[in-house]
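Atoms within each ligand, like the ligands themselves, are counted from 1 in listed order.
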Amino acid sequence: MDQRTEKMGPSTLAIHGGRPLTEGAHALSMPLYLTSSFVFQSAQEGAELFAHEKEGFIYTRMGNPTVEATASKIAALEGAEEALLTGSGMAAISTTLCALLQPGQQLIAGRVLYGSTLTLLKRMERRCGMNIRYVDVTNLDEVRDALHLSTQVVYIETPDNPLLGVADIAGIAALAKKVGALLIVDNTFATPFNQRPLALGADLVIHSATKYLSGHGDLIAGAVVGSRPLVSAVREELKEKGAICGPFTAWLLQRGLKTFALRMERHNANGLAVARFLEQHPRVERVHYPGLPSSPHHALARQQMKGFGGVLSFEVSGGLEAGMRLVNAVTLCTRAVSLGDAETLIEHPASMTHATVPPEQRRAAGITDGLVRLAVGLEDPEDIIADLDRALAACC
Ligand code: LCS
């Protein structure tokens, strides 16, 4: 026991006793900095850190080593200068749009987007005076016609949720650049394993890291990825909005990332195998999957993607009722929303992920009431196919 602690009581010792965990231990696995604050060596150092005269950590809402190291892995995967993590994919989207858009400026958004993103846009339009125009971003002419000198941001998902439509990233980026607008791509479905939007001309990439990046269905997180000035602008907004990713979540995310490429190879292979099976099934009317040569998006997808991911959607004969019966009839596929997990997940967009989108907006986007979405997991593909085969025979 050293002199400082010799005379201390048990309450103080429980808090201040022992050796602090020092730097330089060279742990192989990423250290988890589960702390809200960082200690200043002197009053002067604290003042310098707050004045940005010195690099370092102050308070986890403003920055944390585990969170930043994990973010830098995602930046590396996307081939970007910088990335930041947020508390969810929705936090990444809302913080980014608040940081980059002023009232009255125009946002062009894809007509098909994740349901909560569409609901967020509607709220921002009402509350923040944003001017939003929805277009079919899989049609370059529609994007060209909608772009305007007051367009500040073009926001797309490709492939989109839940119809797997594919937008021409390089084409849209070139058009946006002409009017000085930024292109933001939600790359959650493709992931940087299959597609790198920044290399195709996009300005920012958004992720729900809840999905393939973490891969185990045990956390909620988001990411914003791009050039240093743009990510810094979002970071400034995030500091006060406070929608950060905590260090433990970031630690789980970096652990999931170690197997990211292996998992994506399997998701791609399983997704394609299941899409091929469904396409030839007599009770399936239509399959949406850009990896199928019959898809209207296949040629473009082959150009800008390396693989096509594990998410697909399909319509069964018998419409809504048959679709609901199918979701109930599976025994291996799991009834749950989300995607990118080890388990194959099945859901019904009209009543689940896109239930907050008004029915007429859903129909205009092509999301029918009978559409079923499958996020193909990492199981043996024959077992997933056998489950679907049995369920289709029983219910349609
Ligand atoms: N972007 C896309 C393309 C998404 O699919 C989701 C969530 C988000 C953003 C939001 O991310 P979060 O805040 O949930 O991390 N998509 C979901 C889905 O299709 N089922 O459950 C969540």
Nearest atoms (heavy-atom pairs only) where [X] meets [Y]:
X    : Y    : result
R373 : N161 : NH1-OD1, 2.8 Å
G310 : Y212 : N-OH, 3.1 Å
L164 : P290 : CB-CD, 3.8 Å

Does atom CZ of R325 have more than 12 heavy-atom neighbours, drawn from other residues, nucleotides or ligands, at distances under 6.0 Å?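 Yes.
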So, using ring-ring contact (aromatic ring centres under 6.0 Å, His included) as the criterion, who are the partners of Y114 when residues are at least two apart?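 Y114: no ring-ring contact (aromatic ring centres under 6.0 Å, His included) contacts found.
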Could you tell me which atoms of ligand 1, counted from 1 in the order shown, lie closer than 4.0 angstrom to a heavy atom of [X]?
X    : result
S88  : 13 (O), 15 (O)
A221 : 15 (O)
L339 : 19 (O)

Please verify whether a non-hydrogen atom of [X] lies at under 4.0 Å from ligand 1.
X    : answer
G222 : no
R373 : yes
A92  : no
K211 : yes

Could you list who else is in L149's hydrophobic cluster, with ILVMFWY side chains joined at under 4.5 Å, directly or through other members?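 Once heavy-atom contacts under 4.5 Å are chained together, L149 belongs with I108, V135, V137, L140, V143, L147, V154, I156, I169, I172, L175, V179, L183, V185, L200.
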Using a plain distance cutoff, I'd like to know if [X] has any nitrogen or oxygen under 3.5 Å from a nitrogen or oxygen of ligand 1.
X    : value
I93  : no
F189 : no
E157 : no

Between T353, D186, I206, V311, flag the one that comes closest to atom 1 (N) of ligand 1 by a heavy atom.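 Comparing heavy atoms across T353, D186, I206, V311, the nearest one to atom 1 (N) of ligand 1 lies in D186.
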Does any N or O in the side chain of D387 come within less than 3.5 Å of the main-chain N or O of C333, such that one atom is a donor and the other an acceptor?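 Yes, the answer is positive, given that a donor and an acceptor are paired below the 3.5 Å cut-off.
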